[in-house]
Amino acid sequence: MKTILCSMLVLVASFQQAPKDKKAGSESKKETVAMEAKDPVCKMHAEKDTKFTSTYKGKQYGFCSVVCKEMFDKKPEKFVKK
């Protein structure tokens with residue numbers, strides 16, 4: 001159920017993103033993370049070069065979408081194993 005909800009939220013969020021700058025030679029660089037893991041919110045695969053990351057208690061977490069990152073940022077203790 002979480003996976004389906006997260007997938008739907010990712011789809012909606014992708015339509016709401018601002019259009020990219022289409023000027024010649026202007027490419028926006030995204031921050032990268034040297035990791036490959038599961039998204040702690042929805043348990044989907046988080047790519048090793050994801051731009052959606054957060055750091056909590058000194059550990060960096062990667063996310064499949066901005067939606068999952070925002071959910072984690074609100075209550076990270078809910079998603080981190082103790």
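Along the sequence shown, residues carry numbers from 1.
Expressed to the nearest 0.5 Å, how far CD of E47 lies from SG of C64 amounts to 10.0 Å. Between the CZ atom of F52 and the SG atom of C68 there is a distance of 10.0 Å, given to the nearest 0.5 Å. Taken to the nearest 0.5 Å, the CE atom of M44 stands 11.5 Å off from the NZ atom of K38.
With sequence neighbours excluded, the residues satisfying side-chain contact (heavy atoms from CB on, under 4.5 Å) with P40 are Y61, F63, F72, F79. Checked against side-chain contact (heavy atoms from CB on, under 4.5 Å), K75 has the following partners two or more places apart in sequence or in another chain: E77, K78.
Contact of the S54 side chain with the P76 side chain is not registered, since no non-hydrogen atoms from C-beta on lie closer than 4.5 Å. Using a 4.5 Å heavy-atom threshold, the side chains of D39 and K43 count as separate.
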Inset, instruction - Check step by step if side chain to side chain contact (heavy atoms under 4.5 Å, CB included) holds for V66 and E70. - result: CA-CA 6 Å; V66 69; E70 289 172 350; 3.7 Å; yes

Legend entry - Intermediate values then yes/no, side chain to side chain contact (heavy atoms under 4.5 Å, CB included), V67 and M71: CA-CA 6 Å; V67 175; M71 289 174 67; 4.3 Å; yes

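Closest heavy-atom contact between Q60 and T53: NE2-OG1, 3.8 Å.
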